[in-house]
Every structure is written in C-alpha cells, then in structure tokens.
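Report on the structure given below.
The structure displayed is predicted, hence computed values, not measured ones. Note that these values count all heavy atoms, side chains included, but never hydrogens, waters or copies made by symmetry. Just so we're on the same page: letters track the sequence lines, and every chain starts at 1.
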Protein chains: 2
Amino acid sequence: MIEIRHLRSLAAIADSRKISAAAERVHLTQSALSHQIRAIESHYGVTLFERSRQGVKFTQAGERLLALAKAVIAGVAEAERDIIRLKDDTRGELRIALECHTCFDWLMPVMDEFRRRWPEVEVDLVAGFHPNPIELLASGKADLVIGSRPSRRAGFHVAPLFRYEIVVVMAKEHRLRSSRRIDADDLRGETLITYPVPPQRIDVIREVLEPAGVKLQRRTAELTIAILQLVASRRGVAALPNWGVKSYVDHDYVLAKRIGKGGLMSELYAIANPADAARPYMAEFVEIVRQTCARELDGIALI
Amino acid sequence: MIEIRHLRSLAAIADSRKISAAAERVHLTQSALSHQIRAIESHYGVTLFERSRQGVKFTQAGERLLALAKAVIAGVAEAERDIIRLKDDTRGELRIALECHTCFDWLMPVMDEFRRRWPEVEVDLVAGFHPNPIELLASGKADLVIGSRPSRRAGFHVAPLFRYEIVVVMAKEHRLRSSRRIDADDLRGETLITYPVPPQRIDVIREVLEPAGVKLQRRTAELTIAILQLVASRRGVAALPNWGVKSYVDHDYVLAKRIGKGGLMSELYAIANPADAARPYMAEFVEIVRQTCARELDGIALI
DNA sequence: ACTAATACATGAATCTCGCTCATGATTGAA
DNA sequence: TTCAATCATGAGCGAGATTCATGTATTAGT
C-alpha cells in the first residue's frame, strides 16, 4: 500500500532527476529509495520511470503518481499549518536582516510564499546596511538574519540554507578574459568592488586574498546592479555569488571566472534567537527559502 | 511523520464513531489503533477527539485532519484508478443480477457512483426474475450476482458485502402486534407474502419455518412496495430486510418484529466468475457497494 | 448498590517490514 | 580499457508498529 513517504520520495526524484540525489534529500540511502520504487512499481505492475545515466524520465504512470504526490504533500503541509494555528497563537512578526545583499534577488518570491502561508505574521525587512547584522538579533531589532555561520559560542539557533560558489566578475575586455580560473596573484593591482561592509565579511578577501598577502584597492556600491555597472565599465572586478550574476553573464554583459582550483564556496545560514526559532513559522520560512532557492537558483546545493 | 495508513484509520473512526469498530474496518486491533492515535496526537501536540462512552467526538484539530484524510484517500483512489487505466484495457461491461429484490433500494446510488468512476464500463441490470440468478453467471448472461453465498464447490469468486437482519412485517392491527419477537409457531395459519422465487431461496422458510415444521400459505408480489401494501391491508405477513422496511416502519405504516431470540440474520455476497473477478473495476464495484450501504443503510454490518 | 458489559488506555513482548550495508550490473566518458 | 557514476539486488538487522494481556472508566441492568 502506498504511503506518504513514497510520495515524498517520488517528488524528490522528480526534483533532482536522480535517484541517488533524491535519496539524500529524503534522508535515505540510494538503496532504500531503489527498493521503495521497486516496491511501488511491482505493487501497481507498472514502471514509474525510464532510468538512464543522465537522470530518470517519468512514464505516464509515474507522472500520474507524481501529480498525486504533489497534491498530497501540499495538502498535508497545509493541514499541519492549520493544526498548529489551532493549537498555538501564531501571530508574530518576522523582521529579516540580510548579511549578503545579493540575497534580495531571491527574497521576494520567498516572502510572497511565506505571506500566503502565514498571513497573520508580519514580515518586514530591516532596512539599511549594518556592519554586523547578527547584533540586530541580540538587540532585538531583527528576528532572523540570513548570512554566514556565526561562531557557535554566540548561542544562536542556526539553520543551514545552501552552499554556493563565489565567482569573480570582470569586464568582457578585461586582461584576464581568457583565464579559466583566477588566483589571488592574478588580481594584484585590481580594484575590488564590494558592498559597503567590513573586509572581514567579504569572503574573497578573508579566504583568498588575505591568506595570499594580496591587498587590493576597494570601492563600494550598495546595489548588485551598481556593482555590475562598475565592473562592466572597467572600474574593477567583483566577487559575487554565481546565481547573483548568472543572468548578466548569460546576456554577455560581464564575464565570470572560477576562483582557485575548486572554486570559492560559501554557505548561507538562517540565524535566530533560540526563543524565536521555536515559533512554528520560523522553520517553515527556512523551508521556503531552501525550496525556492533550490528551484530557482542554478548551481547551489542544499546543506 | 503522518502516513496514509493513519489517515485511513482516522476516516474509519469518523465513520464508525468508535475506535474499536474502526479498528476492525482497517484490519487492526483496537490496541493498535489506540497507539496510532496517541502517536499522532503527541506528534502534533493536540487531541484529535474527546473519548466518551457512546463514541468519539472530533475536536477542531481532529476535524482538520479528517478533512485531509478524506481528500488524500479520495486522491489516492483516483490516482490508482488512473494508473490501472494506463496499464490495462479497462473497457468492459458489468451486467448485474439481483437475487434479493429489495436490493434495488440501494443499487441506484451505487451504480451512479460506479459510472462516475468507470465511465468506460457499460453497466446494466439483468431484468426480470430468475429462479436461480447464479445460473446467469455460468451461462454468460450476467457478470455479477448479488445474493446469498453459493456453495464454494461451484467455483465462483465470492466477495462478502454485509450482514443484515430479516424482520417480520405485519399490519399495525395484527394479532401479534404486541409481541416483542416472533417464533415459527406464532406464524401458524398466516399467509406469507414473498417475492416470486422458490421457497428454498427464502431465508425465513429455509432457516425458521421449515426446521420448525411450519408450512404457511404463500402469496407473491414482485415489488417491495406491493408486498408492503398487501401486509398493511392484512393479507398476510412478510419477512424482509430491516433496512428495506425501515422507512415504512418509521412512518408507522407497518410493524417490524424480530424473528427468534437473536434475530434472523442473512448475508449478502457479490458473486462473479473468477475470470471477470480479476477485472480492476470489479473489486471497486464491491467496495462502492460496501461503503454506500454502510453509510446509507441502518443496522447492517460489513463482513 | 452491585454486577456485568462495553469501550478505550497502557505496557511489554513480539514480529514485520523498511532500511542499510556490501556488492554487482550497466553505461558513458576519458 | 579503465574509471567513474548511477542504479539494482540480496542479506541481515533493527526500529517501530502491532498484538497480547491487562487495567481503568463509564454505563446499563437487576
């Protein structure tokens, strides 16, 4: 008899196109998923998808079950929200502060979806640039910070979001235009264009340039689009999330290059006070971020 | 994590109003169901229903989960039908013959629902009275007979429907009007009004009168309403299913009396040729009968 | 009031079935 | 060809679901 866990597996497979990747998402081994699928297939006497190296392709029967899965999963989630509402007082506010300003790109759809699910929660963005957004949590000016992992000593509740790659963007005519990858030394003499935050908060400085003893001139801008304008007009280079610059690269406005051998990776977390983290809608906000980003941003990995 | 089996349990509890009765319907012990519910309740931190002597009453949270359960169960059933359709050729015909003519009462809503679910199957009623409807199966004139259990030697596929009580109905002014129960001897000298079928096919004769050596005059009528007219106008008594006469008794047209100490019970089965019984829509027709009757008929027990 | 009956709860024992582990099979790429 | 990636398969284990035995509470009957 089919169960919700099977439907969740199915949805995960549909999302990731690969059984082994889907297995991770539902916290199972590849073997377990394989067994699950086989069980469903033999139960109904149909095949759910054609397996191949580059992912699975759903059959008609698979699509039909997938449609059921999506409906059931959504229905269950909605019912669970309603039950929480019946049980607890779910009014509250969610003031969000961003450490990484590129995140505005994906925050809007996330907030939209969140408002739909928790209309009684007041969502707000904490405006302006802050040298250390985490302090906003401690001072009670924000309820949730999206940024890099704080030291665990600070006592905050930390939920992992995703890992992404930071790339160097440069003008199309830049002298390094034909390099496949960029190392710290390559950048000597360049101007680095960043958001107006302390150098220690900028990954490429902290992780790459400083260890190599390379110190660049800096120039700041508040908006991603402004940074890219400066880059395109050859006022310097910038280091930004790959998903933040993808559309500009695709349109050939600028070039993006990998940093170092394996690329410079960074991770985003949702950080909250432990008291607030227990609120029912908090975990769901994090889930919405993860799902939305996994769907809309290229080249990220949920963590 | 909640699973479909929990939702099925919940729906069964809602239907039967009693945990122990519901347990049987989902093929579990009362204990297992009790544990299941407790697990769900503690998982969500809510109570799903107030337990009391005469059944359970759903709380708001219980109602919400129940709504989910109904939606999910219906969705799963629909998806499974679609998958069967994708897999097999599901066209076919379903010619139904009735052994018990009172069954026309509930057959219409059943057929309606069936047509909705399997529009590509041609449903038909085999008209007229037949001395032995089972023969219609063997001769290929019917695909499904609804009646009492045939001898297992006959090689038919038999699906149980429900158990019900056969009561004696009599005019309000009948000499036995104040008896609480009727025994074979009480009926000596009466006229028994029946459908026009052989005496061996009439339960009250086979099970009660004949064993007691009581032989009554018989008179026949083809329609339940005609039999009741004759009873009401004091032309005799009849023995009919309790649910078949309930509305007439409730309106005080006739009286109904229990037969013997524990009542005369009878059972209905759906009988088909094994080859036909394998067809996907057959099992579902039986399910629809069971569910519809459990919902609409008073005083029956699914078997 | 006492007893019997009915319905649900509870804890321990048991057992099922779903998971992981180890390994094999297949296929595409280098 | 070999390697790497992906999925399949079978055996064995263990968590969790079920049953069994019993307890508790409420109700009906005499």
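The nearest whole Å value for the distance from the CD1 atom in A/I19 to the P atom in D/dT9 is 11 Å. For the pair B/R8 CZ and D/dA17 P, the computed distance is 17 Å after rounding to whole Å. Going from atom CZ of A/F49 over to atom C1' of D/dA8 covers 13 Å, rounded to whole Å. Regarding B/M1, its CE atom lies at a distance of 16 Å from the C1' atom of D/dA15, rounded to whole Å. Rounded to whole Å, the distance from CD on A/E50 to C1' on C/dT26 is 16 Å. If you measure from atom CZ of B/R17 to atom C1' of C/dT6, you get 18 Å, rounded to the nearest angstrom. The separation between A/L33 atom CG and C/dG18 atom C1' is 12 Å, rounded to whole Å. Here the P atom of nucleotide C/dA7 and the CD atom of B/E24 are 11 Å apart, to the nearest Å.
With respect to the salt-bridge test (charged N to carboxylate O, under 4.0 angstrom), the residues B/K57 and B/E50 do not qualify.
Checking C/dG11, D/dC7, D/dA11 against every side-chain atom of A/V56, the shortest atom distance belongs to D/dC7. In this structure, the nucleotide among D/dT6, D/dA8, C/dT10 sitting nearest to the side chain of A/S20 is D/dT6. For B/K18, whose side chain is taken as the heavy atoms from C-beta onward, the closest listed nucleotide among C/dA7, D/dT18, C/dA9 is C/dA7. Distances were taken from every side-chain heavy atom of A/L28 (C-beta onward) to each of C/dG11, C/dT20, C/dA9; the shortest belongs to C/dT20.
Here A/R38 reaches the OP1 or OP2 of D/dT9: one of its side-chain N or O atoms lies under 4.0 Å away. OP1 and OP2 of D/dT6 both lie 4.0 Å or more from every side-chain N or O belonging to A/R51. Put simply, B/S34 has a side-chain N or O that comes within less than 4.0 Å of OP1 or OP2 on C/dA9. Checking the phosphate oxygens (OP1, OP2) of D/dT19, no side-chain nitrogen or oxygen of B/S31 falls inside 4.0 Å. When the side-chain nitrogen and oxygen atoms of A/Q36 are compared with OP1 and OP2 of C/dC19, one or more of them lie within a distance under 4.0 Å.
Annotation: cation-pi pair B/R279/B/W118 absent, no NZ/CZ under 6.0 Å from the ring centroid and within 45° of its normal.
Atom CD of A/E296 is surrounded by more than 12 heavy atoms from other residues, nucleotides or ligands within 6.0 Å.
Side-chain contact of B/S9 with B/Q36: a donor-acceptor pair under 3.5 Å is present, judged by distance alone.
Where stacking is scored as ring centres under 5.5 Å apart with planes under 30°, A/H35 registers as stacked on the base of D/dT9.
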- Task: Assess whether salt bridge (Lys or Arg N to Asp or Glu O under 4.0 Å) is satisfied between A/D15 and A/R25, documenting all intermediate values.
- Result: CA-CA 10 Å; A/D15 273 359; A/R25 281 197 28 182; 3.1 Å; yes
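Not a single donor-acceptor contact under 3.5 angstrom links the side-chain atoms of B/Q30 to the base of C/dA7.
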